[in-house]
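Report on the following structure.
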Amino acid sequence: MRNVVFVEGVRTPFGKAGDKGMYAGTRADDLVVNAIRELLRRHPELPPERVDEVAIAATTQIGDQGLTIGRTAALLAGLPKSVPGFAIDRMCAGAMTAVTTTASGIGFGAYDIAIAGGVEHMGRHPMGEGVDPNPRIVADKLVDPTALVMGQTAENLHDRFPEITKERTDAFAARSQERYAEAVKTGKIGPELVPVATKSKELGWGLATEDEPPRPGTTVEQLAKLKTPFRPHGRITAGNAAGLNDGATAAILADEDTARELGLPIGMRLVGYSFAGVEPEVMGIGPVPATEKLFKRTGLSIDDIGLFEINEAFAVQVLAFLDHFGIADDDPRVNQWGGAIACGHPLASSGVRLMTQLARQFAERPDVRYGLTTMCIGIGMGGTVIWENPAYNGFEGSEGAK
């Protein structure tokens, strides 16, 4: 097996889904094409013909997110016609799976270099558009009926873990907004963004340069007043969950020797990955068994992890993970630049956002050797990837760093 490295990831600014969102008049495939083009622009040392595969994920593979989008996006981005591509779907973990699938090919020797990412235009294609779930899934009681509504699965998670109160999730959500705003202010978030030309019937042409969903200054008191749409007197609100969003991500992965040959930067090194299934009606707990499974395979433990990027589909899901591993709600190692509750979660694209942020954090933290990206996945799954910091200097320079 060969060492697989994450060279660099980029993303479009994330938008709010719907007619008033900044990408309402923008095609989904154009979003991911922008991301791929930006990767090629940033890395002229990479001959386009050396790209062996393009894997692009979309949860709703229909319309401008369909037609084997990995291949069509590669063509539209200007890659040679000799470069193949494919589409992939694992709901929220689509881009994560695009990375792990192509990374496996690189490790095995089938590829030297790949581009992996994801796109979701939830304004044009709401989750579940055009699907026809087999009625036996519910009729034969394979899953609880609530399993098909993500917000209800989050309420179920609250039921299972009553110690995770709404007050805790609201506090976590407010902290996510605060950390994200600080990261933007200090320039931590921004360099990875790809400007996207937008078009609006009312406003004409524009340029998207920053995320649309964040609500800086959000307070716990404000969050406490929001409605609970999935259950009367429930705990899940629009404030302690990610919204409906549009956006795309893309990353370059490579065999480490090939990266060095071409002069490509090495952002981080893949250690291992794991996916696990759970009861679909509590899909938010998925990252726990996926991570435990990966620790067994790699011989690492939670004590070895110095940085965490956990997708914030719902605050309750993140807190369930933290509680399981004995990590404080406000641990500075966890989502230190905020998360999806603030910046958005365009489903299949989010896995590469997590990886991109972790790679950029590694560059600032030579005292940290290992980092983890993890996320819950609809229909009852979790996915976790562990990465090694190539800048690690063997010295734990701050408390809690690993």
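When reading the values below, keep in mind they use all heavy atoms of this one structure, side chains included, and skip hydrogens, waters and symmetry mates.
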Can a side-chain donor-acceptor contact be found between [Y] and [X] if the only test is distance below 3.5 angstrom?
{"X": "Thr146", "Y": "Asn156", "value": "yes"}
{"X": "Thr59", "Y": "Glu120", "value": "yes"}
{"X": "Glu309", "Y": "Gln361", "value": "yes"}
{"X": "Ser82", "Y": "Glu49", "value": "no"}
{"X": "Thr291", "Y": "Thr384", "value": "yes"}
{"X": "Glu312", "Y": "Asn335", "value": "yes"}

Taking C-beta and beyond as the side chain, do Val99 and Leu253 meet within less than 4.5 Å on heavy atoms? yes

Tell me, do Leu193 and Thr209 make a side-chain contact under 4.5 Å, heavy atoms counted?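 SC-SC contact between Leu193 and Thr209 ruled out.
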
Donor-acceptor contact present, side-chain [X] to main-chain [Y], <3.5 Å:
{"X": "Arg124", "Y": "Thr26", "result": "yes"}
{"X": "Ser176", "Y": "Gly338", "result": "no"}
{"X": "Asn245", "Y": "Gly15", "result": "yes"}
{"X": "Gln177", "Y": "Arg175", "result": "no"}
{"X": "Glu256", "Y": "Asn3", "result": "no"}
{"X": "Arg168", "Y": "Glu163", "result": "yes"}

Answer yes or no for Arg360 and Phe362: cation-pi contact, defined as NZ/CZ to six-membered ring centre under 6.0 Å and angle to ring axis within 45°. no

Does Arg90 count as lying over the ring of Phe275, i.e. NZ or CZ under 6.0 Å from the six-ring centre, within 45 degrees of the axis? yes

Phe14 and Met22: which non-hydrogen atoms are nearest, and at how many Å?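 Closest approach of Phe14 to Met22: O-CE, 3.4 Å.
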
Which heavy-atom pair separates Gly118 from Val32 by the least distance, and what is that distance? O-CG2, 4.3 Å

Taking atom CG of Leu264 as the centre, does the number of heavy atoms from other residues, nucleotides or ligands within less than 6.0 Å exceed 12?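 Count over threshold, so yes.
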
Run through Thr169, Asn240, Ile164, Asp159 and flag the one making a side-chain contact (heavy atoms from CB on, under 4.5 Å) with Arg235.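 That would be Asp159.
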
In this structure, which one of Val271, Leu358, Leu372 forms a side-chain contact (heavy atoms from CB on, under 4.5 Å) with Trp387? Leu358

Testing Glu182, Gln336, Glu364 one by one against Lys188 for a side chain to side chain donor-acceptor pair (under 3.5 Å), which residue passes?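 Between Lys188 and the candidates, side chain to side chain donor-acceptor pair (under 3.5 Å) is satisfied uniquely by Glu364.
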
Take the angle between the ring planes of His125 and His121 and call it parallel below 30°, perpendicular above 60°, tilted in between. perpendicular

Report yes if the distance between the aromatic ring centroids of Trp337 and Tyr180 is under 6.0 Å, otherwise no.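 No: the rings miss the under 6.0 Å criterion.
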
